[in-house]
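One structure is given here, and the rest of the page talks about it.
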Amino acid sequence: GENVAITELARLMGIKANEIVKKLFEMGVMANINQSIDAETAQLLGAEYDIEVVVKVVTEDDLIPKYEDKPEDLKPRPPIVTVMGHVDHGKTSLLDKIRRTKIAEKEAGGITQHIGAYEVDLPQGKLVFLDTPGHEAFTTLRARGAQVTDIVILVVAADDGVMPQTKEAIDHSKAAGVPIVVAINKIDKPNANPEHVKSQLAELGIIPEEWGGSHQFQEVSAKTGQGIDELLERVLLEAEMLELKANPKRPAECVVIEAKLDKHRGAVATVIVQNGTLKKGDVFVVGAQYGKVRSMFNFIGRTVKEAGPSIPVELMGFSEVPEAGEKLIVLPNEKLAKQIADMRKEKKREKEMLEKSKVSLTDIFSKI
Ligand code: GDP
Ligand code: MG
């Protein structure tokens with residue numbers, strides 16, 4: 001069951017701790033002042049003083065402050081886009097082409113290292129691209145309960161058509177409830193057959209608007225750049241319908257999309273802000289560690305002091321490398337952050353002990 005520290009109980013009951021230890025002794029319970037007693041004993045003890053003791057387990061949910069977003073504080077946020085599709089259909093090429101052609105020259109030149117996501121500014125609005133194509137990133141993040149993608153660009157090569165991973169991508173997107181915009185790629189190739197791709201996708205329920213369906217299609221070439229502007233416009237159009245909003249005024253909630261141990265800089269992670277604004281100096285908890293935002297860089301490697309909803313930033317200020325998919329939550333103070341990190345550590349330890357005991361049981365059985 002749950003245990004209560006004697007000192008804590010004494011404080012709550014307004015009775016000296018050594019007086020409680022004495023009473024416990026009279027009740028036949030041997031305990032010293034630094035120990036804990038179980039909930040039942042605490043209740044019996046309370047009864048001795050005519051005090052009703054209610055033991056309630058405090059979870060981190062009780063401790064993390066809740067914020068009600070006022071409707072007027074909700075502001076539009078840029079869509080976060082993931083590129084998916086069958087191997088060799090041009091996901092990487094498309095992401096590269098967009099990065100090279102759509103990020104202002106001086107900024108593109110400033111990109112010293114890839115942080116796992118980048119921003120594209122169009123006259124109609126901003127888009128954020130997750131820079132790791134493929135289904136793995138998507139499913140790893142989703143498996144950890146993090147949904148970072150608002151729109152999927154499904155890349156299908158016009159010379160190859162629908163392939164197993166095309167279908168997989170459709171299934172993942174549907175399961176996540178994320179809308180799909182189709183990019184029929186490699187239309188520069190002589191054997192490109194976009195009409196065939198359309199009919200194949202239509203059979204899978206991805207029906208182009210021009211055929212009365214609800215999906216936007218765009219023919220593109222990641223090689224020549226043809227159709228890319230139009231593709232981005234379609235994605236923004238799709239995003240408009242989603243009415244994506246967040247509250248930049250609240251403390252940040254982020255998701256780790258990449259993390260590593262850097263030889264010179266220690267543990268660094270790229271996070272995407274999902275709600276609120278992340279600021280330099282913010283105290284946070286992520287996984288079972290807590291930390292403080294020591295420095296923060298945008299996607300072109302410039303130092304920034306804050307980052308609002310949908311914005312990817314690289315962070316320093318961890319004590320260990322966090323895991324992709326973990327939520328990073330900003331808390332009002334270090335004491336609370338430590339308390340929550342400790343609770344999580346304790347939980348982790350309990351889980352590990354349980355796993356270990358399972359292992360030793362199987363060991364015993366295998367010996368028998
Ligand atoms: P991924 O596996 O989906 O990331 O595919 P890649 O981007 O690595 O592309 C696979 C191959 O297709 C590479 O050799 C690319 O140069 C080529 N490729 C990608 N896009 C196009 C395109 O639009 N036109 C042509 N002709 N080749 C392309
Ligand atoms: Mg690739």
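What you see is a predicted model; the values in this text were computed from it and never measured. Just follow the structure's listing: the first ligand is 1, and inside any ligand the first atom is 1.
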Quick check: does Val220 get an N/O under 3.5 Å from an N/O on ligand 1? no
Side-chain donor-acceptor pair under 3.5 Å between Asp188 and Ser221, yes or no? yes
Taking only distance into account, with no hydrogens and no angle test, what donor-acceptor pairs under 3.5 Å do side-chain atoms of residues 169-185 form with protein atoms, sequence neighbours excluded?
unit_1	atom_1	unit_2	atom_2	d
Ser173	OG	Ala169	O	2.7
Lys174	NZ	Leu204	O	3.4
Asn185	OD1	Ala222	N	3.0
Asn185	ND2	His89	O	2.9

Measure Asp88 to ligand 1 on non-hydrogen atoms and call it side chain, backbone, both or neither using the 4.0 Å cut-off. both
Does Gly90 reach ligand 1 with a nitrogen or oxygen that is under 3.5 Å from one of the ligand's nitrogen or oxygen atoms? yes
Nearest to atom 17 (C) of ligand 1 by heavy atom, Lys186, Met84, Lys223: which? Lys186
For the Mg ion (ligand 2), decide whether Ser93 has an N, O or S atom at a distance under 2.8 Å. no
Which atoms of ligand 1 have any heavy atom of Lys189 under 4.0 Å away? 26 (N)
What atoms of ligand 1 come within less than 4.0 Å of a heavy atom belonging to His86? 3 (O)
Taking heavy atoms and a distance under 4.0 Å, where does Asn185 meet ligand 1: side chain, backbone, both or neither? side chain
Side chains of Glu306 and Thr277, donor plus acceptor under 3.5 Å: no
Salt bridge (Lys or Arg N to Asp or Glu O under 4.0 Å) between Glu350 and Lys347, worked out: CA-CA 5 Å; Glu350 274 173 17; Lys347 245 197 184 149; over 6 Å; no
Distance alone, cut at 3.5 Å: any donor-acceptor contact between the side chains of Asp62 and Thr59? yes
Side chains of residues 70-80: which donor-acceptor partners sit under 3.5 Å, not counting sequence neighbours?
unit_1	atom_1	unit_2	atom_2	d
Asp73	OD1	Lys249	NZ	3.2
Lys75	NZ	Glu72	O	2.9
Arg77	NH1	Asp150	OD2	2.9
Arg77	NH1	Ser310	OG	3.0
Arg77	NH2	Asp150	OD1	2.9

